[in-house]
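Note that ligands are numbered from 1 as they come in the structure, with each ligand's atoms numbered from 1 the same way. Bear in mind that the values here come from a model prediction, so they are computed numbers and not experimental data.
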Amino acid sequence: MAVSLSNFLLPISLLLAATVHAATVTYDFDVSWVYANPDGLQNRPVIGINGQWPIPTIRVTKGDRLVVNVKNSLGNQTTSLHFHGLYMNGTNHMDGVDAVTQCGIAPGSTFTHNFTVDQPGTYWYHSHVRGQYPDGLRGPLIVEDPDDPHKDLYDEEIVLTFSDWYHGMMTDLLKGFISVANPSGAEPVPDSALVNETQNLTVKIEPGKTYLFRMINMGAFAAHYVWFEDHTMQIVEVDGVYTEPADADMLYMTAAQRVSVLITAKNDSNSNFAFVGSMDQDLFDVIPEGLNPNVTGWLVYDDAKEKPPPKEVDSFEPFDDFTLVPEDKEELYDHVDHTVQLDLKMDNLNDGANYAFFNDITYVHPKVPTLYTVLSTGSNATNPAIYGSNTNQFVLKANEVVEIILNNDDPGKHPFHLHGHAFQLVHRSEDEAGFYDSNAAPSFPATPMRRDTVLVHPNGNIVLRFRSDNPGVWLFHCHIEWHVASGLVATIIERPLDIQAQLAGKIPQDHLDNCKLDGVPTAGNAAGNTADLLDLTGENRSPGTLPAGFTARGIVALVFSCVAAFLGMAVIGWYGMAPIKAKTG
Ligand SMILES: *[C@@H]1O[C@H](CO)[C@@H](O)[C@H](O)[C@H]1NC(C)=O
Ligand SMILES: *[C@@H]1O[C@H](CO)[C@@H](O)[C@H](O)[C@H]1NC(C)=O
Ligand SMILES: *[C@@H]1O[C@H](CO)[C@@H](O)[C@H](O)[C@H]1NC(C)=O
Ligand SMILES: *[C@@H]1O[C@H](CO)[C@@H](O)[C@H](O)[C@H]1NC(C)=O
Ligand SMILES: *[C@@H]1O[C@H](CO)[C@@H](O)[C@H](O)[C@H]1NC(C)=O
Ligand SMILES: *[C@@H]1O[C@H](CO)[C@@H](O)[C@H](O)[C@H]1NC(C)=O
Ligand SMILES: *[C@@H]1O[C@H](CO)[C@@H](O)[C@H](O)[C@H]1NC(C)=O
Ligand SMILES: *[C@@H]1O[C@H](CO)[C@@H](O)[C@H](O)[C@H]1NC(C)=O
Ligand SMILES: [Cu+2]
């Protein structure tokens, strides 16, 4: 009797557990300007949610449905929300990318995101409208895991965000960045570094406990070196992928990367300890006098004790994420079906400004969001040509092993992010290695690290692999927001006919209403042509190329000589202000 009863009860309790986990978590977000002064140096407008900034953390449990009702109360800008690192499997239209998977949410208008989350870990959400998130629309997104393999190893969880901060507004900074007055493409240098969108943060610690620190770099530009004085970090997750535990004294976190570490507290509360985020200044062309690249916080064991200033470290020797092993030990994809090669360079176009290129093409968003082109072109959706001349598009078939070879023909460091997937990082060269040579193929790790954002070294290369098991239009782009604006973006159109099977006729009306308000067409090729899909007349294009042989300095001279005749002395004043330093790294 007892035996048959327990046999009967067990399946019911499993069923209940499953029902409990599949909750719907709803957030109502009203996006508007508020004022904040996070570094104590300048009060400025920032983009808040429900009148608050920093914006809220989104928290769900794996398996939950997440509904986010967004209202745009900015008044003077469109907006969107992208959930960085979530695969959006079957819900590509919820990925939140302006001009790619939707139209920008118009001022005064609303937009509902509705999707399930089937992956655990540390993520974040941010605007995916040109240049917008560094004005403050960026926050953590945590997916709790009932089956967390490290659950027994820690007592408490602490979320920490790292970021860079500008006193100027992004729209103004972008005008100066992509400009004939900035032919070398020098990126605006941040004014401060922040932790949790503030400085001098205190983190209360109890002796003997072990903490899971979920750390997120939500910055626009700078990578952070991160360390905790006298405490070892044990890495257990990167970008939502669990790893075999690995000890680290210092991390390097690029914009958009996440790392979770276990830190075991001391057994006594004799002193407090500093922790530091230090912005990597290699990418800063000119370091302004007085810039403090560091943000300090403290592990506070005892409020009554002093918070010691951080000790200076004499060299940065961060942990190399290439050496990590994913906890599931997913094996190397050793057979490649489809190779995509992307050669990155920076150069000037004939408006004199500096742009970023993949394979000599700088990204300019299409007139019709790419997903809507997929959904409105029937069998022609498999033809890459219809997606335009400036979108760096690649069409993938089902279940291919896709390899992205990225050659960095630029002396800068770039963190690359792929939407819709985590990829295997199968190779990463050192600095100055030049282009990847598959004939001199290096030996790949047997169980490569997987993540969704990875650094390529100066004039080096990376090789990434993933399986095309997720129909959708997914961007692949540098996560330095300046470089997104200057065109370092490719469009992966994965299984267009399967996207149609999932989503044709299912785009919610509120999505389409925003296009109407923005005056954006929702059908046809990249130019909005529905009759002849190969006719791209009127599409959005980049400025033209320069005559051969022009350099950043040359363009300044060219513009100077052409315009000088009209503007006379005024131009000499303007010319004197232009930063003409050639970009060296
Ligand atoms: C943090 O502390 C430093 C050093 O005392 C100070 O210069 C800075 O203004 C503080 N930051 C904030 C936001 O209060
Ligand atoms: C939008 O409004 C904010 C807040 O009033 C203002 O600071 C900002 O300059 C405006 N931006 C644009 C592009 O008009
Ligand atoms: C979200 O999607 C589910 C499944 O399609 C649907 O049942 C539900 O009504 C939707 N919720 C909202 C708020 O749109
Ligand atoms: C840091 O910010 C996150 C996200 O807002 C919050 O959950 C966390 O409690 C903050 N940490 C501390 C120590 O205040
Ligand atoms: C704290 O004490 C426990 C139990 O005595 C010991 O196992 C552990 O190693 C100590 N931790 C540290 C950081 O010293
Ligand atoms: C920032 O931290 C680094 C590493 O400890 C140190 O070398 C540098 O002097 C610090 N800068 C400032 C302005 O404190
Ligand atoms: C998407 O879902 C399909 C079907 O369930 C599955 O086979 C595939 O692995 C998923 N892809 C990702 C990236 O989650
Ligand atoms: C789509 O492709 C077919 C076959 O290639 C072609 O006949 C047709 O005209 C195309 N449709 C449009 C709207 O261009
Ligand atoms: Cu970049």
Side-chain angles (χ1 to χ4, degrees), residues 27 31-60 72-79 104 106-108 122-127 129-132 134-144 156-176 191-206 209 211-218 226 228 258 260 263 265 272-277 290-301 303 306-310:
Y27 288 86
V31 178
S32 72
W33 294 104
V34 298
Y35 278 82
N37 184 2
D39 61 2
L41 298 173
Q42 180 157 311
N43 198 38
R44 51 152 288 180
V46 302
I47 302 179
I49 287 181
N50 302 338
Q52 301 289 315
W53 190 86
I55 63 174
T57 296
I58 294 178
R59 198 172 269 276
V60 296
N72 178 3
S73 298
L74 291 172
N76 60 3
Q77 293 183 11
T78 62
T79 194
T122 309
Y123 303 88
W124 61 302
Y125 68 105
H126 62 83
S127 165
V129 162
R130 176 187 167 87
Q132 192 175 60
D135 279 336
L137 194 44
R138 55 187 190 192
L141 191 169
I142 307 300
V143 187
E144 288 175 2
E156 280 178 42
E157 176 198 298
I158 295 172
V159 176
L160 291 181
T161 67
F162 292 80
S163 49
D164 47 21
W165 187 245
Y166 292 89
H167 293 159
M169 305 285 286
M170 286 301 285
T171 42
D172 299 332
L173 293 170
L174 277 166
K175 266 183 218 130
D191 294 296
S192 299
L194 304 177
V195 166
N196 271 21
E197 308 284 28
T198 185
Q199 296 176 333
N200 308 319
L201 183 76
T202 55
V203 180
K204 194 86 195 81
I205 296 293
E206 288 179 45
K209 281 193 171 175
Y211 295 84
L212 177 74
F213 281 83
R214 297 181 182 269
M215 299 190 283
I216 308 168
N217 184 342
M218 309 195 302
V226 175
F228 293 77
R258 290 88 65 207
S260 291
I263 294 181
N272 300 322
F273 297 86
F275 66 90
V276 183
L291 173 72
N292 183 358
N294 307 327
V295 57
T296 304
W298 284 273
L299 301 180
V300 174
Y301 285 78
D303 282 320
E306 65 146 0
K307 299 196 291 271

Quick check on atom 9 (O) of ligand 4 - does any protein heavy atom sit closer than 4.0 Å to it?
no

For Pro45, the ligand 2 atoms with a heavy-atom partner under 4.0 Å come out as 7 (O)

Considering distance alone, does some N or O of Asn196 sit under 3.5 Å from an N or O of ligand 4?
yes

If we check ring-ring contact (aromatic ring centres under 6.0 Å, His included) with Phe228, which of these qualifies: Phe213, Phe273, Trp298?
Phe213

Short list, please: which atoms of ligand 4 are under 4.0 Å from a heavy atom of Val203?
13 (C)

Given Asn43, Asn37, Asp39, the one that forms side chain to side chain donor-acceptor pair (under 3.5 Å) with His167
Asp39

Touching ligand 1 at all, Thr198? Heavy atoms, strictly under 4.0 Å?
no

Element-labelled atoms of ligand 2 that are located less than 4.0 Å from some non-hydrogen atom of Met169
7 (O), 8 (C)

Answer yes or no: does an N/O atom from Asn76 fall short of 3.5 Å to an N/O atom of ligand 2?
yes

Give the numbers and elements of all ligand 1 atoms closer than 4.0 Å to a heavy atom of Pro38.
13 (C)

So if I apply the side chain to side chain donor-acceptor pair (under 3.5 Å) rule between Arg138 and each of Gln132, His126, Glu197, which one comes out positive?
Glu197

Within-4.5 Å side-chain heavy-atom neighbours: Tyr125 and Ile55
yes

Exactly one of Val195, Ile263, Val226 clears side chain to side chain contact (heavy atoms under 4.5 Å, CB included) with Phe275, and that residue is Val195

Nearest heavy atom to atom 2 (O) of ligand 1 wins, so pick from Asn294, Asn200, Leu194.
Asn200

Could you list which atoms of ligand 1 come closer than 4.0 Å to a heavy atom of Asp39?
13 (C)

Between Glu156 and Lys204, is there a salt bridge with N-O shorter than 4.0 Å?
no

Which of Val159, Leu160, Ile58, Thr122 passes side chain to side chain contact (heavy atoms under 4.5 Å, CB included) with Pro140? It is Val159

Would a search of protein heavy atoms around atom 14 (O) of ligand 1 find one under 4.0 Å away?
yes

What protein heavy atom sits nearest atom 7 (O) of ligand 4, and how far off is it?
Val159 CB, 4.0 Å

Atom CD of Glu157: over 12 foreign heavy atoms under 6.0 Å:
yes

Which residue and non-hydrogen atom of the protein lie closest to atom 5 (O) of ligand 4, and at what distance in Å?
Thr57 OG1, 3.5 Å

Counting distance only, does the side-chain N/O of Asn196 pair as donor-acceptor with the main-chain N or O of Thr161 below 3.5 Å?
yes

